[in-house]
Amino acid sequence: MRDPNYTWAIKNLMKEKNKIKVGVIGASGFTGEVLIDLLFNHSQVETIALSSRQLEGRNVTDVFKHLSIKSDMKFTSPEDDTFSECHAVFLCTPHGNSMNISKNFLKKKIKVIDLSADFRLKEAEVWNKWYDTQHSNPELLSESVYGLPELYKEDIRVANLVAVPGCYPTVSLISILPSLNLEQKIKSITIDAKSGMSGAGRSSVDNHLEKEMLNNFRLYGEKGHRHYPEIKQVVDSLSEENIDLTFTVQLLPIMKGIYSTTYINFEGALRSDMVKIYQDYYNTLKNITVVDKPPDLLDVVGTNDCKLFLQTTTTDNQILVTACIDNLLKGAAGQALECFNLMFNFEQSTGLN
């Protein structure tokens, strides 16, 4: 539950029309670069601190030359005292880091929007298994809210700690949610998703991946991808019965975007117009659209949008949902900003148009 004193403080900020002071820790990666650009363009945000151990002391716009707004800000240390002046911090740190620093921010009444996997899973044992380390603050797992606005919008509004979903779970769950909302039972779901290289991180791309993937295509996570339990957790929470879930991922020789094909198998003949069901489910959302032909990945790259296309297949009682997003926007920084907007009572799409 939101602290009443902190609720008052937020309302007072809004009343005085002060900008929300934010910082980004781990700002040097692909996601950090996109997030910085969004924050610099957000009319209600004052970005006061950006950290990167590797780039400490360097000017942000000298490093990120394609930012749409120039700034004289410099990268600082993650321990810089300026972060304590923030109303919210975005954590773009590698998995295993956010869990160690979030508690201190929360104690200071600073909201945390975490883009790593540290608070996405509700059971510490599951996190320990899939990320091969012990969770250092498991008590915060119950406090965190999964940052998928299409499902948990009202919970995000009152959250102090939001775990932004991974890019694969985002596109996968958007493809599945309307089907889980039906009385008709689902027997199994197979998700086959393909991502651009930026999802692997800047260091991997710069060090070897860009050369390796030139004119190439490959399967990875063949022994089980870490995003699987994240998807399964949400599916299980919305279904009364166990649904068999298969999840496979491949790497594309492109930089940005995710393209997924999801096969949903129902028990018994389809009794509904699935296209209309999906249209009705998402009809209030400007950035999720059910289209009448298979989308191109270029339709969404550079946007916070998701495009969905539905069709039946040659398999009885099965639908195929094709979906695509920009993995760095709707799959990361854009969705994080949606959560921020909800947490501070702004229109959800502020800064994303």
Side-chain angles (χ1 to χ4, degrees), residues 6 9 13 18-42 44-120 131 133-137 140 143-144 147 160-164 198-207 328 332-333 336-337 339-340 343-344 351:
Y6 196 48
L13 275 170
N18 290 335
K19 291 188 175 183
I20 306 300
K21 294 179 180 179
V22 306
V24 181
I25 294 181
S28 61
F30 288 125
T31 298
E33 181 179 3
V34 174
L35 181 59
I36 290 169
D37 204 26
L38 293 175
L39 293 173
F40 281 179
N41 282 281
H42 196 295
Q44 302 301 317
V45 163
E46 180 185 359
T47 306
I48 64 171
L50 302 170
S51 86
S52 168
R53 294 190 188 280
Q54 296 85 357
L55 301 174
E56 186 175 348
R58 294 188 61 185
N59 183 279
V60 172
T61 50
D62 286 345
V63 175
F64 297 147
K65 300 182 184 301
H66 300 294
L67 294 178
S68 56
I69 292 178
K70 301 301 179 185
S71 170
D72 59 2
M73 288 190 68
K74 296 182 183 299
F75 287 105
T76 67
S77 161
E79 290 81 23
D80 193 287
D81 290 340
T82 309
F83 285 103
S84 294
E85 302 172 19
C86 293
H87 302 114
V89 293
F90 294 84
L91 304 182
C92 298
T93 52
H95 307 315
N97 287 262
S98 298
M99 65 174 73
N100 297 319
I101 60 178
S102 294
K103 181 177 269 188
N104 288 334
F105 287 119
L106 295 170
K107 285 180 178 178
K108 296 174 183 177
K109 308 298 183 184
I110 298 170
K111 290 182 174 290
V112 174
I113 303 162
D114 181 27
L115 286 86
S116 81
D118 287 13
F119 298 105
R120 294 174 188 164
Y131 289 88
T133 187
Q134 295 294 307
H135 202 289
S136 61
N137 274 298
L140 290 179
E143 182 179 334
S144 68
N160 292 318
L161 171 60
V162 168
V164 179
S198 57
R202 189 184 297 277
S203 61
S204 293
V205 172
D206 291 345
N207 290 337
L328 298 179
L337 195 63
C339 293
F340 167 85
M343 295 164 80
F344 286 91

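Values below: every heavy atom of this structure, side chains too, minus hydrogens, waters and symmetry copies.
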Please report the shortest heavy-atom distance between Lys70 and Lys65, naming the atom on each side.
NZ-O, 3.2 Å
Paired with Lys111, the side-chain contact (heavy atoms from CB on, under 4.5 Å) test is passed by just one of Phe90, Phe340, Phe105, Phe344, namely Phe344
Start with the C-alpha gap between His87 and Glu46, add the side-chain angles, then the distance that decides, and say whether side-chain contact (heavy atoms from CB on, under 4.5 Å) holds.
CA-CA 10 Å; His87 302 114; Glu46 180 185 359; over 6 Å; no
Any donor-acceptor N/O pair, Arg53 side chain to Ser77 backbone, under 3.5 Å:
no
Give the minimum heavy-atom separation between Ser136 and Asn100, together with the two atoms involved.
OG-OD1, 2.6 Å
Spatial distance of atom OG (Ser71) from atom CG (Asn59) [nearest 0.5 Å]:
6.5 Å
Rounded to the nearest 0.5 Å, how far apart are CG of Asp37 and OG1 of Thr47?
10.5 Å
Roughly how far, to the nearest 0.5 Å, is the NZ atom of Lys74 from the OG1 atom of Thr61?
9.0 Å
Asn41 versus Ser68: any side-chain heavy-atom pair under 4.5 Å?
yes
So Leu91 and Asn97, do their side chains get closer than 4.5 Å, heavy atoms only?
no
Would Leu106 and Glu143 satisfy side-chain contact (heavy atoms from CB on, under 4.5 Å), going step by step from the backbone distance to the final call?
CA-CA 11 Å; Leu106 295 170; Glu143 182 179 334; 4.1 Å; yes
Could you pull out the closest heavy-atom pair between Lys108 and Ser84, with the gap in Å?
NZ-OG, 2.9 Å
Side chain proximity check, Pro78 to Ile101, heavy atoms < 4.5 angstrom
no
Output for pair (Ile48 CD1, Lys19 NZ), nearest 0.5 Å, gives 13.0 Å
Please check this pair: side chain of Ser51 against backbone of Gly26, looking for a donor-acceptor N/O pair closer than 3.5 Å.
yes
Under the side-chain hydrogen bond (donor to acceptor under 3.5 Å, both in side chains) rule, collect the residues that match up with Ser144, sequence neighbours excluded.
Lys122
On a heavy-atom basis, which atom in Leu337 and which in Gly351 lie closest, and how many Å separate them?
CD2-O, 4.0 Å
Can you see whether Ser116 engages Thr93 through a side-chain donor-acceptor pair at a distance of less than 3.5 angstrom?
no
Taking C-beta and beyond as the side chain, do Ile110 and Phe83 meet within less than 4.5 Å on heavy atoms?
no
Answer whether the closest heavy-atom distance between the side chains of Ile113 and Met343 falls below 4.5 Å.
yes
Would a 4.5 Å heavy-atom cut-off, applied to side chains only, mark Thr82 and Thr76 as touching?
no
How long is the span from the CD1 atom in Ile20 to the CG atom in Leu39, to the nearest 0.5 Å?
12.0 Å
From Ile25 CD1 over to Glu79 CD, what is the distance, rounded to the nearest 0.5 angstrom?
8.0 Å
Would a 4.5 Å heavy-atom cut-off, applied to side chains only, mark Met99 and Leu140 as touching?
no
Close side-chain approach of Val63 to Ser28, heavy-atom, < 4.5 Å
no
Looking only at heavy atoms, the pair that brings Ser98 and Asp114 closest together is OG-OD1, 2.7 Å
Tightest non-hydrogen contact, residues Ala117 and His95, listed as N-ND1, 3.0 Å
